[in-house]
> 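One structure is given below, represented as structure tokens, and several questions about it will come after.
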Amino acid sequence: MKLYEENNLVILEDVENFDARAIFTCGQAFRWYEEKDGSFTTVHLGRVLNVLNEKDRVVFKGTNLEEFKKIWLDYFDLNTNYKEIRKTLSGNEILVNAMEYGKGIRILNQNHFEMLISFIISANNMIPRIKKSIEVISMRYGKFICEDENRKYYSFPTVEELSNTTVEDLREFAKVGFRDKRIFDTVNMILNDKIDLNSFESLETDILREELLKFSGVGNKVADCIMLFSYKRGEVFPVDVWIKRVMEKLFIKQETPVKKIAKEANRIFGKYAGYAQQYLFYYGREEKIGK
């Protein structure tokens with residue numbers, strides 16, 4: 001991997017498995033915008049970054065080399081050897097096709113609180129609606145970051161900032177539906193119980209899941225998503241509608257309860273089950289497998 005700064009841009013060369021479209025549209029993130037030139041703009045930790053795939057390199061606009069190493073290197077999981085992961089998972093012929101289809105996917109390492117609220121919103125919801133709700137919440141309760149020719153950008157609110165909301169505001173303005181009270185209760189639980197989400201990083205995976213399940217609106221699937229996309233638990237295998245269909249169609253060959261699907265995935269894919277999930281999710285959704 002070669003990383004350098006040139007003309008106020010950060011350039012990434014000699015990196016395998018980096019496709020901005022696959023990364024941002026595979027269901028793991030909601031703060032992104034696709035631009036007319038095919039690039040993607042994302043918001044993370046109060047910063048705005050534009051990402052463009054060119055033929056032999058990736059171009060990042062809105063950062064510098066020092067900040068990139070401090071913030072974005074980890075965000076894009078660039079310290080993880082995806083070539084080795086794909087090699088380990090390549091023993092499964094079915095997964096090989098999915099990995100080739102989504103070979104540019106990387107698992108993002110996102111903010112704990114933002115992921116907690118975002119995936120509470122995601123329950124039984126569609127991605128366009130999830131993105132819109134998160135955008136409204138950021139505009140109403142977050143801080144203004146900057147503005148360009150496309151739009152204004154706002155940071156995702158902190159726990160303290162989001163505590164200024166009400167159940168009614170969440171329903172009326174953010175359009176989160178039945179999730180309004182769940183978000184409100186979760187925010188206030190964190191504040192009242194003085195919960196430090198960063199302290200969860202040191203927990204064993206099973207204990208981490210138990211702690212996340214204590215929050216209103218967090219079930220097993222949501223907890224697994226938060227662990228995979230925010231706590232670097234590459235062994236967890238979130239099961240949603242698409243993944244259930246893909247696993248039943250390609251691997252299990254029969255209707256199967258969600259919990260059994262997750263166990264079977266862990267048996268098949270081992271410690272890289274979460275990476276396999278992302279490849280299978282993208283492959284299954286784009287190819288409409290099992291629909």
Side-chain angles (χ1 to χ4, degrees), residues 1-4 10-32 39-53 57-90 95 98-116 118-119 156 197-198 200-203 205 208 223-238 243 265 269-283:
M1 183 177 71
K2 182 180 180 182
L3 189 66
Y4 61 94
V10 172
I11 312 297
L12 179 63
E13 295 182 349
D14 302 328
V15 61
E16 294 186 359
N17 313 117
F18 194 112
D19 180 344
R21 176 179 296 280
I23 290 169
F24 288 118
T25 65
C26 66
Q28 63 175 320
F30 306 109
R31 296 296 306 280
W32 56 265
S39 68
F40 286 79
T41 302
T42 190
V43 183
H44 173 61
L45 298 182
R47 296 164 173 83
V48 177
L49 184 74
N50 180 262
V51 188
L52 177 65
N53 274 98
R57 64 182 195 170
V58 186
V59 179
F60 301 92
K61 181 168 67 175
T63 189
N64 55 51
L65 192 57
E66 181 182 1
E67 181 189 85
F68 191 92
K69 290 178 177 178
K70 182 180 178 181
I71 303 294
W72 301 106
L73 198 69
D74 182 65
Y75 176 76
F76 286 111
D77 209 26
L78 288 166
N79 291 314
T80 296
N81 188 336
Y82 278 72
K83 184 176 182 179
E84 187 63 31
I85 290 172
R86 286 163 57 86
K87 181 181 178 181
T88 301
L89 292 173
S90 64
L95 188 56
M99 288 193 296
E100 183 61 28
Y101 193 93
K103 61 184 177 183
I105 290 174
R106 306 188 75 84
I107 293 181
L108 299 174
N109 295 311
Q110 301 173 78
N111 176 262
H112 303 325
F113 179 63
E114 182 173 348
M115 288 297 94
L116 174 58
S118 296
F119 277 97
F156 191 83
L197 295 176
N198 291 330
F200 288 5
E201 293 174 3
S202 62
L203 299 176
T205 297
L208 173 57
D224 285 352
C225 285
I226 296 167
M227 288 194 291
L228 181 59
F229 305 136
S230 185
Y231 285 97
K232 302 183 180 181
R233 305 307 166 100
E235 71 273 22
V236 302
F237 191 88
I243 284 295
F269 308 123
K271 65 179 181 178
Y272 295 135
Y275 296 88
Q277 192 267 5
Q278 281 294 274
Y279 292 124
L280 290 169
F281 176 89
Y282 189 70
Y283 180 56

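Throughout, residue positions are numbered sequentially from 1 according to the sequence presented. Just so we're clear, the structure is a prediction, and the values are computed from it rather than from any experiment.
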> What's the shortest heavy-atom distance between Asn17 and Lys103, and which atoms?
ND2-O, 2.8 Å
> Let me see the working for Met1 and Leu73 under side chain to side chain contact (heavy atoms under 4.5 Å, CB included), right down to the final yes or no.
CA-CA 11 Å; Met1 183 177 71; Leu73 198 69; 4.1 Å; yes
> Hey, does the side chain of Thr41 reach the backbone of Asn50 with a donor-acceptor pair shorter than 3.5 angstrom?
no
> Taking atom CG of Asn81 and atom OG1 of Thr88, what is their separation to the nearest 0.5 Å?
9.0 Å
> Measure the CZ-SG distance between Arg106 and Cys26 for me, rounded to the nearest 0.5 Å.
12.0 Å
> Can a donor-acceptor pair be found, under 3.5 Å and without considering hydrogens, that links the side chain of Thr42 to the backbone of Trp32?
no
> If I take atom CZ from residue Arg86 and atom CG from residue Leu95, how far apart are they, to the nearest 0.5 angstrom?
9.0 Å
> According to the interplanar angle, ranging from 0 to 90°, do the rings of Phe269 and Phe237 count as parallel (below 30°), tilted (30 to 60°) or perpendicular (above 60°)?
parallel
> Quick check: do Leu197 and Tyr231 have side-chain heavy atoms less than 4.5 Å from each other?
yes
> Please find the pair of heavy atoms, one from Phe30 and one from Ser118, that lie closest to each other, and give the distance.
CD1-CB, 3.9 Å
> Will you find, in the side chains of Glu201 and His112, an N or O donor that is under 3.5 Å from an N or O acceptor?
yes
> Keeping Asn53 on the side-chain end and Ala20 on the backbone end, is there a donor-acceptor pair under 3.5 Å?
yes
> Say you draw a straight line from CH2 of Trp72 to CG of Leu108; how long is it, rounded to the nearest 0.5 Å?
9.5 Å
> Is the closest basic N to carboxylate O distance between Arg47 and Glu67 below 4.0 Å?
yes
> By the definition ring pair (Phe, Tyr, Trp, His ring centres under 6.0 Å), identify the one residue from Phe68, Tyr4, Tyr75 that meets it with Phe60.
Phe68
> Relative to each other, are the rings of Phe76 and Phe18 parallel, tilted or perpendicular (30° and 60° limits)?
tilted
> Out of curiosity, Ile23 CD1 to Asp77 CG, how far, rounded to the nearest 0.5 Å?
9.5 Å
> Looking at residues at least two apart in the chain, or sitting in another chain, which of them share a salt bridge (charged side-chain N to carboxylate O under 4.0 Å, His left out) with Arg233?
none
> Do Leu12 and Leu78 have side chains that approach each other closer than 4.5 Å (heavy atoms only, starting at C-beta)?
yes
> Grab the two heavy atoms, one from Val10 and one from Leu3, that are nearest each other, plus how far apart they are.
CG1-CD1, 3.6 Å
> What's the shortest heavy-atom distance between Leu228 and Gly234, and which atoms?
CD1-CA, 3.9 Å
> Apply the test side chain to side chain contact (heavy atoms under 4.5 Å, CB included) to residues Ile71 and His44: give CA-CA distance (whole Å), side-chain angles for both, the deciding distance (0.1 Å), then the verdict.
CA-CA 9 Å; Ile71 303 294; His44 173 61; 3.8 Å; yes
> With the side chain counted from C-beta on, respond yes when Asp74 and Lys232 share a heavy-atom pair under 4.5 Å apart, and no when they do not.
yes
> Look up atom CG in Asn111 and atom CZ in Phe156, then write down how far apart they are to the nearest 0.5 Å.
8.0 Å
> On a heavy-atom basis, which atom in Ile105 and which in Tyr82 lie closest, and how many Å separate them?
O-CE2, 3.6 Å
> Ignoring hydrogens, what is the shortest heavy-atom contact between Ala29 and Gln110? Give both atom names and the distance.
CB-OE1, 3.6 Å
> Would you say Gln277's side chain and Pro238's backbone share a donor-acceptor pair under 3.5 angstrom?
yes
> Under the side chain to side chain contact (heavy atoms under 4.5 Å, CB included) criterion, do Lys61 and Leu52 qualify, and how do the steps go?
CA-CA 8 Å; Lys61 181 168 67 175; Leu52 177 65; over 6 Å; no
